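Computed from a prediction, not measured in an experiment: that's the story for all the values here.
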Amino acid sequence: MADREDAKLNRRDALAAAGACFAMLSQRALAATEALGARPKPAYAKDSEAQGMIEVKGIHAGKGKGGVKMFSFAGAPKPAHFLIYDLSPGGSEGTHVHFLDNRNNEGSFDEYYYIISGRGQMEIDGEIVPVVAGDHVHTPLEVAHGIENTHPTENLRVFLTFIKRGDEPSPMRRATPQG
């Protein structure tokens, strides 16, 4: 009886064996497809912050001017989008909110702020939250938010990832410089 029990595959072993078989078949199919030239090798994209930083006045009706660099990567990362804010002392991205149905034309975005350098504060759902280099803040749909540079002499540099959740057109239009 013990030998018979040892010979049986448990559910996990069976799934693992099936997964291994599927993985091997997938590898073979991929190799055959590539050998026929049917699947082009993916190309990488590289962009530089130094190329294309523009000055924008009143980001989301915020204070002052700020540098904005959009990283388009030829549209490859959709629905994820990336940009850098470079806010001068006292400059801000105004408090705003995103909705899934884009009812206020601000886009349907979850946003992820990573503070590269400097210090500031975010207003998030009516609460003031201090931020410094190394902080990462997620602001989901329907949560009012904005960021402000509170340092007297240094710029606040923020890497922002925003994920489009609705079906409105892509936001990857170029911002236009304003005086």
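Partner of E168 under the side-chain contact (heavy atoms from CB on, under 4.5 Å) criterion, chosen from L100, N102, N105: N102. A side-chain contact (heavy atoms from CB on, under 4.5 Å) with Y113 holds for exactly one of I124, V158, D135; it is V158.
The backbone N or O of G62 sits nowhere less than 3.5 Å from a side-chain atom of H60 that would complete a donor-acceptor pair. Of the possible donor and acceptor atoms, one in the side chain of H98 sits under 3.5 Å from a partner among the backbone N and O of G107. A side-chain donor-acceptor contact under 3.5 Å links S108 to the backbone of G166. Checking side-chain atoms of N149 against main-chain N and O of G120 turns up no donor-acceptor pair under 3.5 Å. No side-chain donor-acceptor contact under 3.5 Å links K57 to the backbone of A61.
Residues that satisfy the salt bridge (Lys or Arg N to Asp or Glu O under 4.0 Å) test with D101, not counting sequence neighbours, are R103. For H138, the ring-ring contact (aromatic ring centres under 6.0 Å, His included) test picks out Y112, with sequence neighbours left out.
Between L141 and F99 the shortest heavy-atom distance is CD2-C, 3.9 Å. Minimum heavy-atom separation, E154 to P89: O-CG, 3.7 Å. When every heavy atom of S117 is checked against every heavy atom of A133, the shortest pair comes out as CA-CB, 3.9 Å. Nearest approach of P130 to I128, heavy atoms of both residues: CD-O, 3.9 Å. In terms of heavy-atom proximity, E106 sits nearest to V97 at CB-O, 3.5 Å. For the pair M122 and T139, the tightest heavy-atom approach, listed with the atom from each and the gap, is CE-CG2, 4.2 Å.
Within the 4.5 Å cutoff, the side chain of L160 has no heavy atoms near those of the I84 side chain. With a 4.5 Å cut-off on side-chain heavy atoms, T153 and H151 count as touching.
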Please report the C-alpha distance between F159 and Y114 in whole Å, then the side-chain angles of each, then the deciding distance to 0.1 Å, and finally whether the ring-ring contact (aromatic ring centres under 6.0 Å, His included) criterion is met.
CA-CA 5 Å; F159 183 81; Y114 176 74; 7.6 Å; no
Could you give me the CA-CA distance, side-chain angles and deciding distance for V129 and V137, then say whether side-chain contact (heavy atoms from CB on, under 4.5 Å) is met?
CA-CA 10 Å; V129 179; V137 179; 5.6 Å; no
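Because its NZ or CZ atom is both nearer than 6.0 Å to the ring centre of F71 and within 45° of the ring axis, K69 counts as a cation-pi partner of that residue.
Applying the salt bridge (Lys or Arg N to Asp or Glu O under 4.0 Å) definition to pairs two or more places apart or across chains, those involving residues 110-123 are D110-R165.
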